[in-house]
Each structure stands twice: as C-alpha cells, then as structure tokens.
Amino acid sequence: MPEVCPVCGQPPEPEPGFYYGAMFVSYAFSVAIFAVTAAALYFLFGDPEIWVYVVVVGLTAMLFTPLSVRYSRMLMLYLFGGVDYQPNWVRYEPRTRRTAPAPTPSEV
C-alpha cells in the first residue's frame with residue numbers, strides 16, 4: 001500500500017488507530033438504518049411478523065454497509081483529520097525519490 005494517496009496526497013492512516021473511531025460512527029449509521037427501516041415497516045405495513053423485520057432490516061443493513069463504512073471514514077477525516085475542502089485543488093504530484101550519491105573513489 002502506498003504511503004500517501006497517489007491522487008490527493010492524503011496518508012491512508014493519519015495516526016495509529018485513527019479509523020478505530022470510524023467504527024463508532026459506522027455503528028451509529030447502522031443503528032439509524034435499523035431504526036428507520038423498522039419504523040417504516042411498522043407504519044407502512046402495519047406491524048408485520050417478526051421474521052419480516054429480521055429479513056428486511058438485515059438486507060437493508062447489508063445493502064447500506066459499503067456506504068456506511070465509506071461515509072464514516074470520510075466524516076472522521078473531515079472532522080478530526082485536518083482535511084479541508086480545497087476549491088482550487090491541483091492533482092498531487094509526488095516528489096521523486098532521492099538516492100544517495102555514489103561514493104567517489106577517494107571515499108572507498
């Protein structure tokens with residue numbers, strides 16, 4: 001894995017355990033998805049049987065998991081990672097790697 005993103009230059013992990021906090025944000029998103037889906041089932045379908053709740057809420061949670069993970073990481077970066085929106089953003093160009101100069105015959 002590269003040290004920084006080849007497009008924007010952002011390190012993938014600003015500090016050790018940074019995205020551990022994103023798990024809590026993702027958990028909050030999942031709870032919201034569960035609650036909204038269960039409430040929609042209750043009010044729109046007149047309190048169906050319990051297996052309907054389990055199946056529909058489970059499928060909805062699996063469907064929205066990729067979005068939940070992505071947006072929880074994005075929120076962590078924007079809120080706590082020091083990442084700001086740059087309206088005049090230019091593509092990140094990494095510096096070339098510098099190598100040590102070859103030793104001269106007098107140094108050997």
Side-chain angles (χ1 to χ4, degrees):
M1 184 167 191
E3 290 184 25
V4 294
C5 174
V7 176
C8 66
Q10 175 71 33
E13 190 168 353
E15 62 185 47
F18 183 80
Y19 291 113
Y20 185 70
M23 290 187 335
F24 293 104
V25 177
S26 179
Y27 175 74
F29 284 160
S30 296
V31 169
I33 290 168
F34 291 173
V36 168
T37 305
L41 283 172
Y42 181 79
F43 289 112
L44 296 177
F45 296 103
D47 195 18
E49 295 183 31
I50 193 72
W51 69 269
V52 176
Y53 283 106
V54 172
V55 170
V56 173
V57 170
L59 289 175
T60 306
M62 286 192 298
L63 179 70
F64 283 102
T65 295
L67 291 174
S68 174
V69 170
R70 176 168 295 193
Y71 286 117
S72 65
R73 286 183 172 200
M74 181 187 69
L75 278 175
M76 285 298 289
L77 277 175
Y78 285 139
L79 295 177
F80 305 110
V83 175
D84 296 324
Y85 172 69
Q86 303 285 332
N88 298 323
W89 180 74
V90 203
R91 184 177 172 87
Y92 171 75
E93 296 296 331
R95 290 186 235 157
T96 57
R97 293 182 68 114
R98 297 181 191 166
T99 57
T104 59
S106 61
E107 294 176 348
V108 177

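What you see below is based on every heavy atom in this structure, not just the backbone, and it leaves out hydrogens, waters and symmetry mates. Computed from a predicted structure; not experimentally measured.
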Under a single-linkage definition using a 4.5 Å side-chain heavy-atom cutoff for Ile, Leu, Val, Met, Phe, Trp and Tyr, are [X] and [Y] assigned to the same hydrophobic cluster?
{"X": "Leu41", "Y": "Leu59", "value": "yes"}
{"X": "Met62", "Y": "Val56", "value": "yes"}
{"X": "Leu63", "Y": "Phe29", "value": "yes"}

Review point. Once you round to the nearest 0.5 Å, how far does CG of Leu79 lie from CE of Met74?
Key: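 Answer for the CG-CE pair, Leu79 versus Met74, is 9.0 Å.
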Check your understanding: Counting distance only, does the side-chain N/O of Thr37 pair as donor-acceptor with the main-chain N or O of Ile33 below 3.5 Å?
Key ->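 Yes; at least one donor-acceptor contact below 3.5 Å.
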Check your understanding: With sequence neighbours left out, what residues match Phe24 under ring pair (Phe, Tyr, Trp, His ring centres under 6.0 Å)?
Key ->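 Tyr20.
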Practice item. Might you point out which heavy atoms bring Val57 and Ala38 nearest each other, and give the distance in Å? Key: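 Closest heavy-atom pair between Val57 and Ala38: CG2-N, 4.2 Å.
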Point to revise | Nearest heavy atoms of Ser68 and Ser26, plus distance in Å | key: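 That would be OG-OG, 3.1 Å.
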I'd like a table of donor-acceptor pairs (distance under 3.5 Å, sequence neighbours excluded) in which one partner is a side-chain atom from residues 43-55, with atom names and distances.
| residue | atom | partner | partner atom | Å |
| --- | --- | --- | --- | --- |
| Asp47 | OD1 | Tyr53 | OH | 2.9 |
| Glu49 | OE1 | Trp51 | NE1 | 3.1 |

Point to revise | Under the side chain to side chain contact (heavy atoms under 4.5 Å, CB included) test, residues paired with Leu67 that sit two or more places apart | key: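 With neighbours one apart ignored, the set is Phe64, Tyr71.
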